Every structure is written in C-alpha cells, then in structure tokens.
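Atoms considered below: every heavy atom in the structure, side chains included; atoms not considered: hydrogens, waters and symmetry mates. Residue numbering restarts at 1 for every chain, and letters A, B, ... go by the order of the sequence lines. Please read these numbers as outputs of a predicted model, since none were measured by experiment.
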Amino acid sequence: MAQDKDDLIQDLSARGLVQQMTAEDEFKQHLGEGMKVVYCGFDPTADSLHIGSLVPLLALKRFQEHGHKPIALVGGATGLIGDPSFKAAERQLNSTDVVEGWVESLKSQVSQFIDFDCGENSAVVANNLDWTQGVDVLSFLRDVGKHFSVNQMIQKESVKQRIDREGSGISFTEFTYMILQSYDFAELNKRYDCTIQIGGSDQWGNITGGTELTRKMNRNQVFGLTLPLVTKADGTKFGKTESGTIWLDPKKTSPYAFYQFWLNTADADVYKFLRYFTFLDEQEIVAIEEKDKEAHGRPAAQGILAKEVTKLVHGEEGLAAAERITEAMFSGTLADLGEDDLEQLAQDGLPSSEVPQDLSEKPLTSLLAECGMVKAGREVKDALGRNAVLVNGVTKGAEDNMKTSEIFTKENALFDRFFLVKLGRRKNHLFTLPR
RNA sequence: GGUGGGGUUCCCGAGUGGUCAAAGGGAUCAGACUGUAAAUCUGACGCGCGAGCUUCGGUGGUUCAAAUCCACCCCCCACCA
C-alpha cells in the first residue's frame, strides 16, 4: 500500500475516485506540503449509514493512510434541515430527538473506519450542531448570509431542477442548507485548520460554497474534492435490493446479507467496485481482471470484492460468519451440516424464526410471508407452483400449501428441530421447533 | 388573497358513470437458460390457500352502479397581488 504523501491524488484518480476538484494544481501542491486536515460530512437521515456513504468514508481512510488527518463531521444541525441537492422533492423534517439519536449512532459507526490513535494525524469526530446551535438569527444573517448571493445560489445545478421544474419547489429552509454547510467548512477551518472537504459529486455546490465562504470570512484558501456517484451498468440504483437498502449496521443488514450483496455484483461493475470499495492496489485489480478474462465461467472478482468489503465493514468475524452461511446455503449439502452448524447459522445472521405452535389453518403462504421471507403470500404461491420451495431439501408444490402441520413435524426436522426452507435460488430461512 | 393546473395501486403515468383491482412503462419476485452474472423468453405483481375483501387526497351526497358526477375540505405547483 502506498504511503507516500505525494501520490494520493494519483491513487484516487487511478481508482476513478476523483470527480471534480477545486484549483487542481494548487490543491496538489498543498497536499505535498505535509499533513493536512480533511473533512467529510455525514447527515443523519436514518439510524445508520448505508453503503452509499462507503465511498466517502473509505476516502477519509485513504487520506489518513497517506498521512493526513480526517474529520468525520456528523450533521446534527444540517440533518435537521435536509439537503436539497439533486433531490426531486422537499423532504419531511425529522424531530430533534430523533435526529439527536441518529447522530449518536452515526458517530460510532463512522468511527469504525478511521484511526483515532495514530499520533499526529489521529481522526476527529465533530458535530456541526456544536457551532450552529448558539448562533442567533441576526448574527447569522449579518455575518454569514451577507456573503451569499441569491442570484448565484439559484444558479447552482443542485437546486436547479427544484427551481425550474414544474410541479416542484423548494422551501427557504432547504434553500438555506448550502449556507449551513458552507459555514461548517469555515468553522472547521478556524477550529482545526481544516483545508480540504471531500464529498459525493452531488455535494459540489455545497463544497464550493464552503471554499468561497472560508476565503471571505477567514481569508484562507481551502480546497474541495468530489467523489463520483456510484452507478451501475444496468442503470438501476446502487445499494438497493429486493429487501431494501444495504445498511452498514449489522443489526439492519446482516454481514451475510451484506456479503451476498457484493457477491451478486454484475460483471460490468465489479472491477470498478474493486477500485472504489477496497484498498487493493491497481496492479492487483488488473491482475484479477486479466485472470478472469482468461478463465471461462464465473469470475473470481465478485468473491474478492465481497470478502474485502465485508472485512472492512464487519471485520474478520463478520466475514467468517457470512462465508459460513454462504458455503452452507450454496455449496454444501444439508447432510454436511451438524447440529452445531445449524445453530451457528442463525447466530451468524441467517434469517430464522420459530415454527408457531398452532399450524392448523396456516398455509405455507402465510407462514413464509409472516417470517419475512417474502413480502406477500402470492410470491410463495407462485414459487410453489414452480416447485421452487424446498423444505429440508424436499420440494413442495401447490398441493402442500395447506399441509404445514404435516410438514413441520419433529419427525421431518433435522436433529428433531430444524427446518431449512429455501424459496427460489437465493432466499433461505431457518425454522426451529420450540423446545 | 386572486387565477389557472394538479393529487390514481412501489415509481412514472393512462383512465372521465358500468366491460376497472384499474392500460402502458419502470422497479421487484419466481421459472427456463446460466456462473447465486448479463441479455433473452415465460409467469406473477392491492390483500387473501380460497370463498372473498379493501383501494384511486379526505368527508359527505347523487345513482341500481362512481377513480369517474355534485358539495365542502385538505395538500402540492405556477403566475399574479
């Protein structure tokens, strides 16, 4: 892994991680002058970050590995307002208590990625509520607002669709977001001598607002860099699956589901994602790609991607758990699983639940819908009709729908209490009989 | 406050008295083909195993019958004040 301070931008560029930057030549020179302080903001819009935040989060880590000091800013203040950038519609405000709770969750989550104990360039976590809370309206308007031209603000691409497009609009609240974020940069510059802000490409308008404000208020030159938006070759949205958003919180998305998400990456995206989401260097990635090209059949890249990213986010243990389940569900056979293995699967994050006491009148459709395997019983009905439902390896058909009480018996169970239900190729659920 | 345009099932978007659980597209799910890809084809796609039940911003009303007509209300947008 490269440790030279000079080639950070080169590394980022090679990975395709540089979308835009301010004053390129001066920025590069600035980075070459020694340790710099870099910040990236994360707004609390939920109780966990999702993989959309992974690129900037890892970018902070990349800066730190190159000797710079990262600040992870959690938007306790900006989260109360809502960023309008490239959003089609006005957002619902969240209550202050709720946002406060989310701030705490994000703080600890963000902290996993950067090092707080490495000397001079140890990371810092900040909350912009700390310096926004006390500011009164008049001071804010006179000291900060005066530096912004509404004429310029409405020209920003990020809010343009809200202003131009018929059928939408933007409240003054959200319109002010940019000013708040700009103020953060100026404030961090003052407090921590922070001179760089990074963010997703949708943040360009907010970032340049900050560099300008810092110049005007503090008379300091600061820099901004944006990272590309993660897109998929097939045009669908990155980070969403049938079961919803892929969260970083293992309680919301198990390491197993997380691992599976990456394993299912399309060929067309996988090498790009290796560059975006792992710390493997360019040569290694090229080598993987070459090897996959020569070999026929399934590429190795998805497996490497899933392994690396799961390890980064959930650690060695999370990865081991994910691999255990994957192995059991997709490669091994049921007979290979011992009683301990089955018990372990549930703990590792394989979805599981107890078989209800009273199965009479409860069709398979309801049972599988209630445990969250499918959204509606119809999907089960469809799958049954196609012989795509397996209980402990035995195919069930439409005629078995009403026979749950005959299926889930102690005699049919593995080790007297386990049922591994498979629906389709990828959905697995472990049922246990109550002891 | 005035004028005009809107609010349809996850999203976009047809539908203006019965033939409407509501066209079409997207997303999603399952099957075939495969590599737990992609593309393609097939089926499903409000809820329910089923009989059936509940929807078209809200509330009332007209009618044998309303997403469609009427009244009032709520919300969004544009322009004007």
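Closest heavy-atom contact between A/Pro56 and A/Cys40: CB-SG, 3.7 Å.
Here B/G31 is the nucleotide among B/C29, B/G31, B/U36 with the atom lying nearest to any side-chain atom of A/Arg386. Considering only side-chain atoms of A/Lys381, the nucleotide from B/G50, B/C29, B/G48 that sits closest is B/G50. Candidate nucleotides B/G43, B/C29, B/G35 were compared by shortest atom distance to the side chain of A/Asp267, and B/G35 ranks first. Here B/A30 is the nucleotide among B/A30, B/C49, B/U36 with the atom lying nearest to any side-chain atom of A/Lys427.
As the counterpart of B/U62, no nucleotide is assigned, since no Watson-Crick or G-U wobble pattern has both distances under 3.5 Å. Across every strand in view, B/G24 sits in a pair with B/C12 that passes the Watson-Crick or G-U test at under 3.5 angstrom. If you check B/U3 for Watson-Crick or wobble pairing at under 3.5 angstrom, you find it paired to B/A78. In this structure, B/C47 forms a base pair with B/G52, meeting either the Watson-Crick or the G-U wobble geometry with both donor-acceptor distances under 3.5 Å. Using N1 to N3 plus N6-O4 or O6-N4 for Watson-Crick, or N1-O2 and O6-N3 for G-U wobble, each under 3.5 Å, B/C41 pairs with B/G31.
OP1 or OP2 of B/C49 lies within a sub-4.0 Å distance of a side-chain N or O belonging to A/Ser366.
Ranked by how close their nearest RNA chain B nucleotide is to the 5' end, A/Ala376 and A/Ala266 are led by A/Ala266. Of the two residues contacting RNA chain B, namely A/Asn264 and A/Ala369, the nearest-nucleotide position lying further toward the 5' end is that of A/Asn264.
Separation of the C1' atoms belonging to B/G31 and B/U36 is 15 Å when rounded to the nearest angstrom. Rounded to a whole angstrom, the distance from the P atom of B/U68 to that of B/G18 is 11 Å. Nucleotides B/C70 and B/G17 have their P atoms positioned 11 Å apart, rounded to a whole Å. Here the separation of B/G5 from B/U9, taken at their P atoms, is 22 Å to the nearest Å. B/C73 sits 11 Å from B/G2 when the P atoms are compared, rounded to a whole Å. A gap of 14 Å separates the C1' atoms of B/U8 and B/A66, to the nearest Å. Nucleotides B/C12 and B/U59 are separated by 29 Å at their C1' atoms, to the nearest Å. Comparing the same atom, C1', in B/G15 and in B/C49 gives a spacing of 32 Å after rounding to whole Å.
Following rounding to the nearest Å, A/Leu423 (CG) and B/U36 (P) show an atom-to-atom distance of 18 Å. Between the CG atom of A/Leu368 and the P atom of B/G48 there is a distance of 12 Å, given to the nearest Å. In this structure, A/Arg378 places its CZ atom 18 Å from P of B/C29, rounding to the nearest Å. Rounded to whole Å, atom C1' of B/G48 lies 13 Å from atom CD of A/Glu361. A straight line from NZ of A/Lys375 to P of B/G48 spans 13 Å, rounded to a whole angstrom. When the P atom of B/A38 is taken as reference, atom NZ of A/Lys232 falls 9 Å away, rounded to whole Å. Protein atom CG of A/Asp382 is 5 Å distant from nucleotide atom C1' of B/A30, rounded to whole Å. Following rounding to the nearest Å, A/Glu370 (CD) and B/G48 (C1') show an atom-to-atom distance of 12 Å.
Side-chain polar atoms of A/Asn206 and A/Ser158 form no donor-acceptor pair below 3.5 angstrom. For the residue pair A/Thr326 and A/Gln260, a side-chain donor N or O sits within less than 3.5 Å of a side-chain acceptor on the partner. A side-chain N or O of A/Gln203 and one of A/Asp83 form a donor-acceptor pair less than 3.5 Å apart.
Residue A/Gln260 places a side-chain atom within donor-acceptor reach of the base of B/U36, judged by atom type and a 3.5 Å distance cut-off alone.
Heavy atoms of other residues, nucleotides or ligands lying less than 6.0 angstrom from NZ of A/Lys216 number more than 12.
Residues A/Asp11 and A/Arg15 are paired through a salt bridge, judged by an N-O separation under 4.0 Å between the basic side chain and the carboxylate.
Side-chain N or O atoms of A/Ser182 include one that pairs as donor or acceptor with a backbone N or O of A/Met178 at under 3.5 Å.
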